[in-house]
2 protein chains.
Amino acid sequence: MLAAERRDHLLDLLAREGKIVAKDVAAGLRISEDTVRRDLRDLANEGLCQRVYGGALPVSPAVVDYGARQTVAPDGKRKVASVAAGLVRPGGVVILDGGTTALAVAHALPRDLACTVITHSPPVAVALLDHPQAEVLVLGGRLFKHSAVTCGAAAAEAARNVSADLFLLGVTGVHPEAGLTTGDAEDAAMKRALAARAADTYVLASSEKIGTASRYRVLPWEEISGLVTDEPAHNPVIEQLTAAGVDVLPAGAPSPSSEVSA
Amino acid sequence: MLAAERRDHLLDLLAREGKIVAKDVAAGLRISEDTVRRDLRDLANEGLCQRVYGGALPVSPAVVDYGARQTVAPDGKRKVASVAAGLVRPGGVVILDGGTTALAVAHALPRDLACTVITHSPPVAVALLDHPQAEVLVLGGRLFKHSAVTCGAAAAEAARNVSADLFLLGVTGVHPEAGLTTGDAEDAAMKRALAARAADTYVLASSEKIGTASRYRVLPWEEISGLVTDEPAHNPVIEQLTAAGVDVLPAGAPSPSSEVSA
DNA sequence: ACGATACATGCAGAAACGTGCAACAACAGG
DNA sequence: CCTGTTGTTGCACGTTTCTGCATGTATCGT
């Protein structure tokens, strides 16, 4: 592995996970901790990370005007996005919805993951520009500015010509009775069209969405494979969904790792 | 093996694997590491790769990144973009190319201008999100990451279904004999397809493009209506173009443009 | 306060680097 | 056909850079 490549890897790790533990990286890459420490020291000198005891952290968001918006993403969305990104298999084909949560998923994808991403969201496409191994297909159409996605007849038509293993669906409301909802009729139709083209559909549901409903129904529960949320499993709504047979993937607690340090 | 062939091989390797290890390439091609190093040094001088200890990496994403480049858009591009934005009539339909200069045009468009913008560039689409009066049509297709535009058969197909008053074309080279050129064959084809759908085609040519040529021809002079540049009119290349009947719109000096129409 | 862990520094071997040089091929001109 | 020129390639040499280990110091958690 080239030294510069290692450096990129560290920055990538920092962006995706929000921290670096020198020991873990050294073990992961089979190199000495000294080398990792030296790299981190250099990166810190260039202002690309903040050195702390045991590893490094991102520089304060105010300084990173460049990637500011992605770091501003609320913690809940970051966690959901991280778990959802893990659903994308190397070599797999995923349809990525629009919206801020889906955008966070794009940012959370490992930079060197070889996969195909289909999206009707220009911001998602832009976010994937620096993922050299990701094949990106953009679905064209009329730009719906509120959600920053393409929609309309042309977009629906384009959607009919693709298929995928997985659809990561963003919605504005997740409600036991109302199902999955969003605020625009055309947007809802587009999401349905996309869901129809994927073998599995997983919903990205950060906690503020749980229990709320918007005007337009996207899909009923039966047509989705699962849901990723940072809401605790004991939330009544979540329990209800679990009982209804929805595969709920928790994104909240990094739970069982406590015994590792012990 | 020819030297040029070797050079292509290196670039290809860089594109496919994201890195080059000098030692491995030398062993693979049965040539000395010195030769590989020399090649890499040359490629780096041409800005086609980034030299690092042990090999080379693609040009640093930070340098290529559009988000970064748009904020540091050179003065020349800003001037060109400003003049080009003036070519868009209220209620008109314009096709906006990809690339940093076209992106600068998107930013230069008055925020309340009511017009229709057709683009195959996700960054341009994103830039127009806060233009409430602008109707934006995105042409879908496979994302070509280097230029951040969609291309390929799907994009060309989508292009066939639109027409416009004006096409604002970005290129990498503007040369009296070579014509308008760019660095990628598919990208060139897409630009041709777009030019065919517009009544008028104007070239965005900030001064650093003037007099240079890239590998792939986009269009001959006869097929464009004009050219916007911040290069002074007395530049030999510009004079040659003017003599050839190209409508040159100056973006450098705020001076009267009387002689342009003459 | 103590042990454990992380750290900075110096050092040495290894690897990569740049440069100069010579051998060689391609080419132009006589 | 010969010859001088130019450009490329591989080798040799000395230099720089990188990396892991050892040492002693600083910091953390208990």
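Letters A, B, ... mirror the listed sequences (proteins, then strands); counts begin at 1.
- H120(B) places no side-chain N or O within donor-acceptor distance of the main-chain N or O of A155(B), the cut-off being under 3.5 Å.
- Checked by distance alone, R38(B) brings no side-chain donor or acceptor within 3.5 Å of a matching partner on the base of dG18(C).
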Could you list all N or O pairs between the protein and nucleotides 25-29 of chain D that sit under 3.5 Å apart?
residue	atom	partner	partner atom	Å
dT27(D)	O2	Y53(A)	OH	3.4

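- R37(A) is linked by a salt bridge (Lys or Arg N to Asp or Glu O under 4.0 Å) to E33(A), counting only residues two or more places apart in sequence or in another chain.
- For the pair R6(A) and dT19(D), the criterion of a side-chain N or O lying under 4.0 Å from OP1 or OP2 is met.
- Between R41(B) atom CZ and dT8(D) atom P the separation is 13 Å, expressed in whole Å.
- Comparing the local axis fitted to the first five base pairs of the helix from dA1(C)-dT30(D) to dG30(C)-dC1(D) with the one fitted to its last five gives a bend of 40°, rounded to 10°.
- For residues 26-37 of chain A, proximity to DNA chain D is found at I31(A), S32(A), D34(A), T35(A), defined as any non-hydrogen atom under 4.0 angstrom from a strand atom.
- Comment: R6(B) engages D39(B) in a salt bridge, judged by a side-chain N to carboxylate O separation of less than 4.0 angstrom.
- A heavy-atom distance below 4.5 Å is not found between the side chains of I118(A) and F167(A).
- Scored by the salt bridge (Lys or Arg N to Asp or Glu O under 4.0 Å) test, D8(B) finds no partners at all (sequence neighbours excluded).
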Report task. Determine, stepwise, if the pair H9(B) / L29(B) fulfils side-chain contact (heavy atoms from CB on, under 4.5 Å). Result -> CA-CA 10 Å; H9(B) 178 74; L29(B) 299 181; 3.9 Å; yes
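- One can place CG of D39(B) at 10 Å from P of dG10(D), the figure rounded to the nearest angstrom.
- Between the side chain of T229(A) and the backbone N or O of A205(A) there is at least one donor-acceptor pair closer than 3.5 Å.
- When rounded to the nearest whole Å, the span between NZ of K23(B) and C1' of dG10(D) equals 18 Å.
- Checking side-chain atoms of T150(B) against main-chain N and O of R142(B) turns up no donor-acceptor pair under 3.5 Å.
- If you check every strand for non-hydrogen atoms under 4.0 Å, V21(A) touches nothing.
- Applying the salt bridge (charged side-chain N to carboxylate O under 4.0 Å, His left out) test to residues at least two apart or on different chains, none of the pairs has a partner in residues 147-156 of chain B.
- The separation between L2(A) atom CG and dC17(C) atom P is 9 Å, rounded to whole Å.
- When each of L227(B), L169(B), V105(B), V171(B) is tested with L204(B) by the rule side chain to side chain contact (heavy atoms under 4.5 Å, CB included), just one qualifies, namely V105(B).
- An OP1 or OP2 oxygen of dC7(C) is reached within less than 4.0 angstrom by a side-chain nitrogen or oxygen of R51(A).
- Between E5(A) atom CD and dC18(D) atom C1' there is a gap of 15 Å when expressed in whole angstrom units.
- The 12-atom threshold is not exceeded at CZ of R30(A), counting heavy atoms of other residues, nucleotides or ligands nearer than 6.0 Å.
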